[in-house]
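One structure, pasted below without further comment.
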Amino acid sequence: MRTNINGVTAMIKRIGILGLACFVLLALSACVGSSDKAEKGEFKAQLKLASLTPASHTYNQGAAKFAELVNERSNGRIQVIVYPDGQLGKGERELLEALQQGTIDVYVGSTGPISGFNPGIGILDIPFLFNDYAHVDKVLDGPSGQQLLDDLEKAQFKALAFWENGFRDLTNSRRPVRLPADAKGLKIRTMENKVHMAAWEAVGANPVPMAWGEVYMALQQKVIDGQENPIAVIYSAKINETQKYLSLTQHVYSPAVLIVSLKRWQSMPKQDQDMLFKTAREVAQYQRKLGRDTEEKQIAELSDKGMKVERNIDKKAWRSAMQPVINQVAGQFGKERVDAILTAK
Ligand code: EAX
């Protein structure tokens, strides 16, 4: 009887070792497989890229360029399918959740709602943090920018590059706004972002956080009086149809970002990751330039379409109205980190 039991145990052990050996072999072949697949040009993928803005907006012009180059550089193995106009979700927070759930693969949108997933990026929401586009490029394409992108992996986001939304301006349907006091009592739609809401509260307005996909209707139905966005968004969304006044407040810079879901990213061979990374960086310059080169022309067209454009903005007055929020948020991130951005040369 004893010998039978020993015999059976020995056999189970042998099967166990055999099983383990098979498993290791399988894993190895899979690893070898994926880079083999790339070597042999076998790795294939269709990536769903989603954004909220219309196809004519710089996000999607950039996305179309990105898709074209990725397709070319992967010899058609990797296809990026672009879904603009909120086809896959009404708000950027919703798209980011879909990215985490893996129902979309790539997000192009503002960083506004991302601080809800990873507080670190909230440092960029500080009003009047950036002086101009050259300052923006210096910081976002520099070590601080890279650190902020890398940090997003904690939220399962593989952020490849900073694209651009732009400096945000105020529109409203009630009255001309030049000074902060003129905005008192206005119901202003903001992104789902605590710092932006606090900034408008500090001015004496009533911030109303809302998904972008709901804003046009809410403005039309006068549920809200105004909203704030960069010119390229205001123009492409035809906000002039619901808003009479445009104040060039430029009260905060709004970065955008191209993010791949981390799970999807990790399923790709290194060569393809490198190509996507390089392409996202390249297109970032192209996409930023698109918005910057057309801004003045779009302001002129919005004016031709009937908007009253207020250029004579007292930025000092707006900054001091928002200063309590600037101090409070800067305090959260630490003077050193904020100064590093403010003084970036
Ligand atoms: O990213 O929600 C917003 O106001 C954003 O600026 C817009 O969705 C573009």
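Remember, it's 1-based here, ligands and their atoms both numbered in the order they're listed. Keep in mind the model is a prediction, meaning the values are calculated, not measured.
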Sub-6.0 Å ring centroid separation between Tyr133 and Phe167 =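 For Tyr133 and Phe167, the ring centres are under 6.0 Å apart.
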Cation over ring, Lys65 on Tyr286, under 6.0 Å and within 45°?
->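 Output yes; distance and angle both within limits.
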Among all protein heavy atoms, pick the one closest to atom 4 (O) of ligand 1 and tell me residue, atom and distance.
-> Arg189 NH1, 2.7 Å
Consider only side-chain N and O atoms of Gln243 and Thr171, and report whether a donor and an acceptor are under 3.5 Å apart.
->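 Result is yes, a qualifying pair exists.
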Any non-hydrogen atom of Gln227 lying under 4.0 Å from ligand 1?
-> no
Arg168-ligand 1 polar pair, N/O distance under 3.5 Å | yes
Those atoms of ligand 1 less than 4.0 Å from some heavy atom in Asn165 = 1 (O), 5 (C), 6 (O), 9 (C)
Does a donor on one side chain and an acceptor on the other come within less than 3.5 Å for Gln227 and Asn229?
-> yes
Return the residue, atom name and 0.1 Å-rounded distance of the protein heavy atom closest to atom 6 (O) of ligand 1.
-> Asn229 OD1, 2.7 Å
With atoms numbered from 1 as shown, which atoms in ligand 1 lie under 4.0 angstrom from a non-hydrogen atom of Tyr59?
->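 Close to Tyr59: 1 (O), 9 (C).
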Answer side chain, backbone, both or neither: which part of Glu92 comes under 4.0 Å from ligand 1, heavy atoms only.
->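 Side chain only.
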Has the side chain of Arg174 got a donor or acceptor atom that lies under 3.5 Å from a matching backbone atom of Asp225?
->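 Side chain of Arg174 to backbone of Asp225, a donor-acceptor pair under 3.5 Å: no, none is there.
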Listed by chain and number, what are the salt bridge (Lys or Arg N to Asp or Glu O under 4.0 Å) partners of Asp137, not counting sequence neighbours?
->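 Arg288, Arg292.
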Return yes or no for this condition: an N or O of Ser254 is under 3.5 Å from an N or O of ligand 1.
-> no
